[in-house]
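Working notes, beginning with the structure itself.
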Amino acid sequence: MTIRYYDTKSGDKIPLSPLEEGHVRLYVCGITAYDFCHIGHARSALVFDMIVSYLRHRGYRVTYVRNFTDIDDKIIKRAQEQNTTPEKLAKRFIGEFYTDMELLGVAPPDIEPKATEHIPEIIALIRTLVDKGLAYAVDHDVYFRVDRFPGYGSLSGRNLEELQAGARISVDERKENPMDFALWKGSKPGEPAWDSPWGPGRPGWHIECSAMSHKYLGDTFDIHGGGKDLVFPHHENEVAQSVGATGGGFARSWIHHGFVTIRDEKMSKSLGNFLTIREALAKYHPEALRLFVYSTHYRTPLDYSEANMREATAGLDRLYDGLAEIAQLPAAGAEGGAPLAGKKDREPVEFLAARFEEAMDNDFNTAQALGHLFEAMKAMNRLRQKLPARPAAADLALLRRGADDVRRFANIMGLLREDPVTYNQEKRAKVLAEEGIGAAEIERLIGERLAARNEKNWARADEIRNELLARRIELHDTPAGTTWKVKAD
RNA sequence: GGCGGCGUAGCCAAGUGGCUAAGGCAGCGGUCUGCAAAACCGUUAUUCACCAGUUCAAAUCUGGUCGCCGCCUCCA
């Protein structure tokens with residue numbers, strides 16, 4: 001099976017066929033560092049984390065580049081507001097970004113270039129464009145000349161006439177065409193500036209990605225990614241700059257992911273309806289956020305809500321509980337004992353690898369892949385439930401193999417990375433702290449309830465049980481005695 | 001106004017021409033239990049916004065209608 005994925009440029013699912021056999025070169029637009037990251041940024045990082053991880057699982061070598069835009073109008077503005085320098089502000093929020101990524105368990109890309117560390121490359125690229133007649137200087141600014149670039153609009157499916165007709169931007173009289181965009185901006189006093197042939201200034205928004213992708217991945221590379229909102233103008237302009245400079249080469253295909261919405265509206269800073277990554281993680285387990293993100297296909301809008309996060313948490317608990325139960329099975333079974341597992345129990349486990357990969361090969365369909373993981377866990381729970389005290393060795397082997405597979409495939413999405421016992425202990429500690437109750441107190445109440453039950457004082461026994469339940473402590477009466485567990489919410 | 005996407009059970013969400021429309025959450029019935037809970041079993045869409053068409057066959061393709069969303073300005 002080959003991996004197929006939706007390519008924005010062709011508007012179709014295309015087979016993965018890297019320029020260099022077995023080696024995928026990927027460039028993703030990272031953040032502009034001027035504020036804390038929100039759930040939308042988390043989705044971006046998680047989507048590409050999953051894609052890279054899956055490609056590697058499938059045996060590809062991946063060179064993953066994700067940049068930081070650390071000089072830009074928004075950074076300058078915010079720095080002024082906060083009485084700091086753009087350098088310090090960007091540095092601070094790059095640090096905060098790393099903290100968030102670590103909390104989410106997102107592996108760092110291979111290369112993380114910053115715009116400010118590539119000014120010579122940027123200037124060289126602009127110079128090439130000027131020399132080729134694709135750019136022109138006005139005062140201390142340099143603009144890209146869209147009229148000279150025939151393919152302008154091809155990525156986003158627009159043309160210049162439409163764009164100009166619908167333009168809402170105020171026209172800068174100095175531009176030859178209203179759609180011309182800045183490659184270099186001359187700086188005003190007090191703004192960060194680098195020397196250039198056009199005077200002191202800074203790069204325009206799009207040019208850094210063209211310069212950095214070229215430096216680390218070459219003229220032509222396999223996949224360029226980012227959020228859907230970057231298709232126009234950011235990626236369209238990158239195409240113009242890069243293809244204009246190289247004479248043809250640039251990203252061979254494009255992956256764009258959908259937004260995170262809140263009450264079905266795009267989460268954005270201007271609407272003020274955003275939630276930061278750390279606000280979400282203060283409430284939910286990082287893997288719950290991952291499960292939430294991956295339960296929807298990456299191109300579909302994803303609506304964030306407390307209910308959806310609770311649901312994701314419940315699903316994650318289910319998987320961890322299943323793994324914990326299997327881990328507690330007897331080490332050795334009855335050799336040669338008649339296995340209880342029927343076809344219905346075995347198939348979801350035995351075919352998990354094939355089904356998982358089939359789903360993921362089809363445009364990284366994590367939602368479907370997760371369905372297969374849950375199906376396998378359900379089958380294993382079913383089998384486990386009916387095992388005798390001394391189960392057949394074949395049944396134990398099936399369960400252990402299934403648990404390993406579930407964990408291995410979930411790991412590709414960054415899920416089930418913790419030991420199930422640790423996961424439950426952490427959750428237990430969190431809930432006990434929130435409820436202000438200790439294990440000793442719970443044990444004491446269980447003892448008191450046991451006494452009441454022995455006297456058939458059901459009213460008192462139920463009262464204790466309900467009191468604990470109100471504090472999110474669930475009692476389980478088993479033949480071996482009463483155990484307890486915390487509830488997520 | 002231009003361009004693009006979406007509308008599948010109470011909710012979330014796969015499926016994009018043909019086996020019984022995945023999976024999760026919630027609900028209901030059952031096993032278990034003193035009663036529960038947990039777990040498991042069973043069950044919950046003759047139907048995929050609506051209308052018309054293409055086809056032996058459509059949730060899946062085509063046209064239209066309605067509704068929602070995004071991009072066109074900084075945005076993951």
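Convention: sequence-line order gives letters A, B, ...; per-chain numbering from 1. Side-chain atoms are counted along with the backbone in the values below, which use heavy atoms only and exclude waters and symmetry mates.
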Under 3.5 Å between N/O atoms: give me all the protein pairs with nucleotides 4-13 of chain B, atom names plus distance.
none

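- A:Glu265 has its CD atom 6 Å from the P atom of B:G70, to the nearest Å.
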Problem - Full working for salt bridge (charged side-chain N to carboxylate O under 4.0 Å, His left out) between A:Lys283 and A:Glu306 - result: CA-CA 10 Å; A:Lys283 228 173 155 179; A:Glu306 301 288 310; 2.7 Å; yes

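- Checking A:Asp70 against A:Thr116 by side-chain atom types alone, a donor-acceptor pair falls below 3.5 Å.
- Comparing the P positions of B:C66 and B:A76 gives a spacing of 35 Å, expressed to the nearest Å.
- Among the heavy atoms of the strands lying under 4.0 Å from A:Gly40 is at least one base atom, whether or not backbone atoms are also near.
- Computed from coordinates, the A:Leu160 CG to B:C72 P distance equals 16 Å when rounded to whole Å.
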Taking only nitrogen or oxygen atoms into account, show me every contact under 3.5 Å that the protein makes with nucleotides 32-38 of chain B, one pair per line with its distance.
from: B:G34; atom 1: N7; to: A:Arg453; atom 2: NH2; distance (Å): 3.2
from: B:G34; atom 1: O6; to: A:Arg449; atom 2: NH2; distance (Å): 3.4
from: B:G34; atom 1: O6; to: A:Arg453; atom 2: NE; distance (Å): 3.3
from: B:G34; atom 1: N1; to: A:Asp462; atom 2: OD1; distance (Å): 2.9
from: B:G34; atom 1: N2; to: A:Asp462; atom 2: OD2; distance (Å): 2.8
from: B:C35; atom 1: O2; to: A:Arg465; atom 2: NH2; distance (Å): 2.8
from: B:C35; atom 1: N3; to: A:Arg465; atom 2: NH1; distance (Å): 2.7
from: B:C35; atom 1: N3; to: A:Arg465; atom 2: NH2; distance (Å): 3.2
from: B:C35; atom 1: N4; to: A:Arg465; atom 2: NH1; distance (Å): 3.2
from: B:C35; atom 1: N4; to: A:Asp477; atom 2: OD2; distance (Å): 3.4
from: B:A36; atom 1: N1; to: A:Asp477; atom 2: OD2; distance (Å): 3.4
from: B:A36; atom 1: N3; to: A:Arg465; atom 2: NH1; distance (Å): 2.8

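- For A:Arg158 and A:Phe232, the positive end sits near the middle of the six-membered ring, less than 6.0 Å away and at most 45° from its axis.
- Between B:G70 and B:G30, the two P atoms lie 47 Å apart (nearest whole Å).
- A:Lys266 comes within contact range of at least one nucleobase, with a heavy-atom separation under 4.0 Å.
- For A:Asp317 and A:Lys427, the salt-bridge test passes: some basic side-chain N is under 4.0 Å from an acidic carboxylate O.
- One atom, CZ of A:Arg318, and another, C1' of B:G23, lie 10 Å apart when rounded to the nearest Å.
- Within the nucleic acid shown, A:Arg158 comes within 4.0 Å of at least one base atom, counting heavy atoms only.
- To the nearest angstrom, P of B:C41 lies 14 Å from CG of A:Leu340.
- Comparing B:C61 with B:C6, their P atoms sit 9 Å apart, to the nearest whole Å.
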Completion exercise
Output field dot_bracket for RNA chain B (Watson-Crick or G-U, both distances under 3.5 Å, | for other-strand pairs) contains ((((((((.[[[..)..(....]]].(((((.......))))).....[[[[[..)....]]]]])))))))....

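- Spacing of P atoms, B:G7 relative to B:C50, comes out at 13 Å, to the nearest Å.
- Taking atom P on both nucleotides, B:A58 is separated from B:G4 by 28 Å, rounded to a whole Å.
- Using a 4.0 Å cut-off between a side-chain N of Lys or Arg and a carboxylate O of Asp or Glu, A:Glu81 and A:Arg78 qualify as a salt bridge.
- Within 4.0 Å of A:Lys13, counting heavy atoms only, lies no atom of the nucleic acid at all.
- Under a 4.0 Å N-O distance rule, the pair A:Asp229/A:Lys266 qualifies as a salt bridge.
- Computed from coordinates, the A:Leu291 CG to B:C25 P distance equals 10 Å when rounded to whole Å.
- Here B:G15 presents its C1' atom at 10 Å from CG of A:Asn362, a figure rounded to the nearest Å.
- RNA chain B is contacted by both A:Met377 and A:His372; A:His372 maps to the nucleotide lying nearer its 5′ end (nearest heavy atom per residue).
- The side-chain tip of A:Arg43 does not point at the ring of A:Phe259 from less than 6.0 angstrom away and within 45° of straight on.
- The closest donor-acceptor contact from the side chain of A:Asp141 to the backbone of A:Lys185 lies at 3.5 Å or more, if one exists at all.
- Looking at heavy-atom distances under 4.0 Å, A:His257 makes contact with a base.
- Salt bridge annotation for A:Arg145-A:Asp147: absent, with no cationic side-chain nitrogen under 4.0 angstrom from a carboxylate oxygen.
- A salt bridge is absent between A:Asp321 and A:Arg318: the closest approach of a Lys/Arg side-chain nitrogen to an acidic carboxylate oxygen does not fall below 4.0 angstrom.
- When the P atom is compared between B:C19 and B:C48, the two are found 16 Å apart, to the nearest whole Å.
- Going from atom OH of A:Tyr27 over to atom P of B:A76 covers 13 Å, rounded to whole Å.
- Counting to the nearest Å, the C1' atom of B:U20 and the CD atom of A:Glu375 are 13 Å from each other.
- Between B:U47 and B:A59, the distance separating the two P atoms is 11 Å to the nearest Å.
- Interatomic distance, CD of A:Gln80 versus CD of A:Glu191, reported as 6.5 Å (0.5 Å rounding).
- In this structure, A:Val260 reaches the bases: a heavy-atom distance under 4.0 Å links it to at least one base atom across the strands shown.
- Taking atom P in both B:G27 and B:A22, one finds a spacing of 22 Å when rounded to whole Å.
- For the residue pair A:Thr366 / A:Tyr54, no side-chain donor-acceptor distance below 3.5 Å is found, with atom types taken as modelled.
- Annotation: of the two residues near RNA chain B, A:Asn365 and A:His41, the 5′-most nearest-nucleotide partner is A:Asn365.
- Side chains of A:Thr8 and A:His256: a donor-acceptor N/O pair is present below 3.5 angstrom, by distance only.
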